[in-house]
Amino acid sequence: MARTLQFDLGGQSYAAVPTKVDRKKLYGWSETVAVDDDGNALQVAAVDATGTIVIPSGGVGYALVDDDGCWVERTALRAVTPDGADAEPVGSSFDAPVVLAETASADDLLAHAVTAVYQLVDAPDGFADAVGTVIYRFEYAFRAGYTSSPAFLLVSDGVVFLLVGRPTVFELVGLDQPAVVDDDSDEVDDDDEIDFSMM
């Protein structure tokens, strides 16, 4: 069932269902299929640590265990911050209205790697006009938990889009270490040159 986001902008409330833009429809896709000599598609399998047991696809799972190797239920886990304090839970963006108050520049948007694009196809009349040319930023969480992602709301060609991403970390190169220039153009002394007419 589609979930509705409620936006508050300029004292007005707008409700819209975000529809994910499928990248395959935009860019297409390709698949690599491994086949045997007869053209039959091969299936992925794993081998155990001894190398004697073949485990078919779907036969390997993940489990949560403690330091003693005992099974741990997911409900027993506790989210903490790097300093060991309890992490504050984050509610889902669908549970409460999203207040559009913080704006962002194009540079702010481009400093993020966009991981999902949503189109608000059923946005009510006037919502695109209310957003205008402004880029709004807010924290987005699909479900309640302990993490959220930066999201940007903007309009392109009269259609409202929601872009979800993560900050891109740029590592800049400094001039702390001086470079060494190798000069291979050694000057040749005319006196040291070989006169081939002497041979």
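Any value given below was found using the heavy atoms of this structure, including those in side chains, with hydrogens, waters and symmetry copies removed.
Remark: the backbone N or O of Asp68 is paired with a side-chain donor or acceptor of Asp66 at under 3.5 angstrom. A donor-acceptor contact shorter than 3.5 Å is absent between the side chain of Ser148 and the backbone of Ala141. Without hydrogens or angle criteria, Asp38 side chain to Asn40 main chain gives no donor-acceptor distance under 3.5 Å. The closest donor-acceptor contact from the side chain of Asp8 to the backbone of Ser13 lies at 3.5 Å or more, if one exists at all. The closest donor-acceptor contact from the side chain of Ser57 to the backbone of Ala45 lies at 3.5 Å or more, if one exists at all. Between the side chain of Asp22 and the backbone N or O of Lys24, at least one donor-acceptor pair lies under 3.5 Å.
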**OP:** Evaluate the side-chain contact (heavy atoms from CB on, under 4.5 Å) criterion for residues Phe127 and Leu153: first the C-alpha distance (whole Å), next the side-chain angles of each, then the deciding distance (0.1 Å), finally the verdict.
**Re:** CA-CA 11 Å; Phe127 187 33; Leu153 192 79; 3.6 Å; yes
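Residues Arg78 and Val80 are in side-chain contact: their nearest non-hydrogen atoms beyond the backbone lie under 4.5 Å apart. Using a 4.5 Å cut-off on side-chain heavy atoms (C-beta onward), Val114 and Val164 make no contact. For the pair Leu162 and Phe152, the minimum side-chain heavy-atom distance is 4.5 Å or more.
The only option from Thr19, Val159, Val160 that meets the side chain to side chain contact (heavy atoms under 4.5 Å, CB included) definition with Val121 turns out to be Thr19.
Screening residues 96-118 for side chain to side chain donor-acceptor pair (under 3.5 Å), with sequence neighbours left out, gives Ser105-Asp108.
Geometrically, Arg3 engages Phe142 in a cation-pi contact, judged by NZ or CZ lying under 6.0 Å from the ring centre and within 45° of the ring axis.
Partners of Leu110 under the side chain to side chain contact (heavy atoms under 4.5 Å, CB included) rule, at least two apart in sequence or in another chain, do not exist in this structure. In this view, Asp67 satisfies the side chain to side chain donor-acceptor pair (under 3.5 Å) rule with no residue, not counting sequence neighbours.
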